[in-house]
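Contents: one structure, followed by commentary.
Proteins get letters first, then strands, A, B, ... in listed order; numbering begins at 1 in each.
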There are 2 protein chains.
Amino acid sequence: MSDQVSLRSTLHQRGMRMTPQRQLVLDAVRELGHATPEQVCRKVQGTASTVNITTVYRALDLLEELGLVRHTHLGHGAPTYSVEEHEHVHLACHRCGGIDEVSTELLDDLARLLLEQRGFALDATHLALSGTCRNCREG
Amino acid sequence: MSDQVSLRSTLHQRGMRMTPQRQLVLDAVRELGHATPEQVCRKVQGTASTVNITTVYRALDLLEELGLVRHTHLGHGAPTYSVEEHEHVHLACHRCGGIDEVSTELLDDLARLLLEQRGFALDATHLALSGTCRNCREG
DNA sequence: CTAGTTGCAAATTGTTTGCTATGTA
DNA sequence: TACATAGCAAACAATTTGCAACTAG
């Protein structure tokens, strides 16, 4: 894919390289959807067992800087990373910790209001809504 | 106030007490608005210098369980605690890190949609919306 | 006396930094 | 050679846990 190529050249302009470790981290994030650095690390180590968690953190930072991945703070623990194109809103249940996802379209009206009234450009892809899921409310 | 009284009896039913430390933590959260456990601790220590941060953590957990305070993850660092009645939505600018606040009424429509379509009861008081503020967009 | 509570120290968890060795242009 | 990078260990920050001492009912 040309994505790979342009990524390489972007890195090259900065005197950086697309190393196997970085590629593995990116692949892991793509595959896992939402994952903590810890989870990414375990996934990567499935292929290359010597890769250190430090390297994972540094790769995630770099990939985020390049706009390829982003992180979100769902709930309490560690942040989760996902690929940039991952476009949906998270519904985080504070009771059971479960994560559901809905289309960002649900937020279109709200986004418009915020922009008009506050000049605030909502980033709907970077968003976790907290509440109680159906299961927990009924249980 | 009768709040204090009912709080005491609620605790009493569980065989617990409203200790000075817990009262100080609650007061500190009330006074500070949004504060990290660290900040709460410093505030409390202004009055009672021997209070340990462990106690602050435990008091915050308890007060949260009782529904008197709640915590929110604004941005990256430590969570911030505020009193339950603190009803507004945070607009967190990911560029400058600034926090603005808007009324939860803005989310009423969204909340209704989520409840109808997903059975998800949105907790609008526990919410940070991420995006770009007017200043940063114009600057 | 009994059970809840505190403070302290130590353990955990998540993340970052310093440094050396290595690999590549 | 020069420079980015990886790995490792140690530092760090935030939070939790184990436990002995204390205190109110």
Side-chain angles (χ1 to χ4, degrees), chain A residues 7-29 32 34-66 69-81 97, chain B residues 7-26 28-29 34-66 68-81:
Chain A
L7 173 52
R8 265 162 213 278
S9 54
T10 303
L11 284 167
H12 191 254
Q13 284 165 24
R14 305 205 200 180
M16 298 171 169
R17 278 163 293 152
M18 193 58 185
T19 63
Q21 286 90 335
R22 286 170 180 169
Q23 187 66 57
L24 285 169
V25 167
L26 180 54
D27 290 347
V29 172
L32 294 171
H34 295 281
T36 62
E38 192 75 28
Q39 293 170 318
V40 170
C41 189
R42 273 201 293 277
K43 179 84 183 171
V44 168
Q45 287 177 340
T47 309
S49 63
T50 66
V51 173
N52 194 276
I53 187 144
T54 307
T55 303
V56 172
Y57 275 104
R58 289 196 274 229
L60 287 171
D61 280 353
L62 176 63
L63 294 171
E64 186 156 36
E65 208 185 307
L66 294 172
V69 307
R70 70 177 4 167
H71 77 271
T72 313
H73 295 266
L74 307 172
H76 297 197
T80 64
Y81 285 76
Chain B
L7 172 53
R8 264 163 214 278
S9 55
T10 304
L11 285 168
H12 191 253
Q13 284 164 23
R14 304 204 201 181
M16 298 172 170
R17 280 165 288 149
M18 192 58 185
T19 64
Q21 287 90 334
R22 287 169 180 170
Q23 187 65 56
L24 286 169
V25 167
L26 180 54
V29 172
H34 295 282
T36 62
E38 191 75 26
Q39 293 170 318
V40 171
C41 187
R42 273 200 293 277
K43 180 84 183 172
V44 167
Q45 287 177 341
T47 308
S49 63
T50 66
V51 174
N52 194 278
I53 187 146
T54 307
T55 304
V56 172
Y57 276 105
R58 290 194 276 230
L60 288 172
D61 280 354
L62 176 64
L63 294 171
E64 186 156 36
E65 209 184 307
L66 295 173
L68 289 167
V69 307
R70 68 178 4 167
H71 77 271
T72 314
H73 294 266
L74 307 173
H76 296 197
T80 65
Y81 285 76

Checklist entry - Which pair of heavy atoms, one from P79(A) and one from P37(A), lies closest together, and at what distance? => result O-CD, 3.5 Å

[N], OP1 or OP2 - any side-chain N/O from [X] closer than 4.0 Å?
X      : N      : value
N52(B) : dT6(C) : no
T55(B) : dG7(C) : yes
T50(B) : dG7(C) : yes

Round to the nearest Å and state the distance from [X] atom [atom1] to [N] atom [atom2].
X      : N       : atom1 : atom2 : result
M18(A) : dA25(C) : CE    : P     : 16 Å
R8(A)  : dA4(D)  : CZ    : P     : 18 Å
Q13(B) : dG4(C)  : CD    : C1'   : 16 Å
E65(B) : dT5(C)  : CD    : C1'   : 15 Å
Q39(A) : dT13(C) : CD    : P     : 15 Å
Q21(A) : dA4(D)  : CD    : P     : 17 Å
L24(A) : dT5(D)  : CG    : C1'   : 15 Å
L62(A) : dA6(D)  : CG    : C1'   : 14 Å

Checklist outcome for this item: Quick tally for nucleotides 13-18 of chain D: nucleotides whose base has a protein heavy atom under 4.0 Å get B, sugar-phosphate-only ones S, the rest -, giving -SSBBB

Item to check | side-chain hydrogen bond (donor to acceptor under 3.5 Å, both in side chains) partners of T55(A), counting only residues at least two apart | outcome: none

Using distance only, find each side-chain donor-acceptor pair of residues 12-21 of chain B under 3.5 Å and give its atom names and separation, not counting sequence neighbours.
| residue | atom | partner | partner atom | Å |
| --- | --- | --- | --- | --- |
| R14(B) | NH1 | E65(B) | OE2 | 2.9 |
| T19(B) | OG1 | R22(B) | N | 3.3 |

Checklist entry - Can you check side chain to side chain contact (heavy atoms under 4.5 Å, CB included) on V29(B) and L68(B), steps first, answer last? => result CA-CA 10 Å; V29(B) 172; L68(B) 289 167; over 6 Å; no

Next on the checklist: Assess the residue pair E64(B) and Y81(B) against the criterion (side chain to side chain contact (heavy atoms under 4.5 Å, CB included)); give the C-alpha distance rounded to whole Å, side-chain angles, the decisive distance to 0.1 Å, and a yes or no.
Outcome noted: CA-CA 9 Å; E64(B) 186 156 36; Y81(B) 285 76; 3.8 Å; yes

Checklist entry - About how many Å separate CG of L7(A) and CG of L63(A), when rounded to the nearest 0.5 Å? => result 7.5 Å

Checklist entry - When you look at V25(A) and V69(A), which way does the side chain to side chain contact (heavy atoms under 4.5 Å, CB included) test go after all the steps? => result CA-CA 10 Å; V25(A) 167; V69(A) 307; over 6 Å; no

Which pairs, protein N/O on one side and nucleotides 21-25 of chain D N/O on the other, fall under 3.5 Å?
| residue | atom | partner | partner atom | Å |
| --- | --- | --- | --- | --- |
| dA24(D) | O4' | R17(B) | NH1 | 3.4 |

Checklist entry - Given dT5(C), dT5(D), dG7(D), which nucleotide is nearest the side-chain atoms of R22(A)? => result dT5(D)

Checklist entry - Between R8(B) and L11(B), is a side chain to side chain contact (heavy atoms under 4.5 Å, CB included) present by the stated rule, with each step listed? => result CA-CA 5 Å; R8(B) 264 163 214 278; L11(B) 285 168; 5.7 Å; no

Using a 3.5 Å cut-off and no angle test, enumerate the donor-acceptor pairs between side-chain atoms of residues 40-53 of chain B and protein atoms at least two apart in sequence or in another chain.
| residue | atom | partner | partner atom | Å |
| --- | --- | --- | --- | --- |
| K43(B) | NZ | E31(B) | OE2 | 3.1 |
| Q45(B) | NE2 | V51(B) | O | 2.7 |
| N52(B) | OD1 | T54(B) | N | 2.8 |
| N52(B) | OD1 | T54(B) | OG1 | 2.9 |

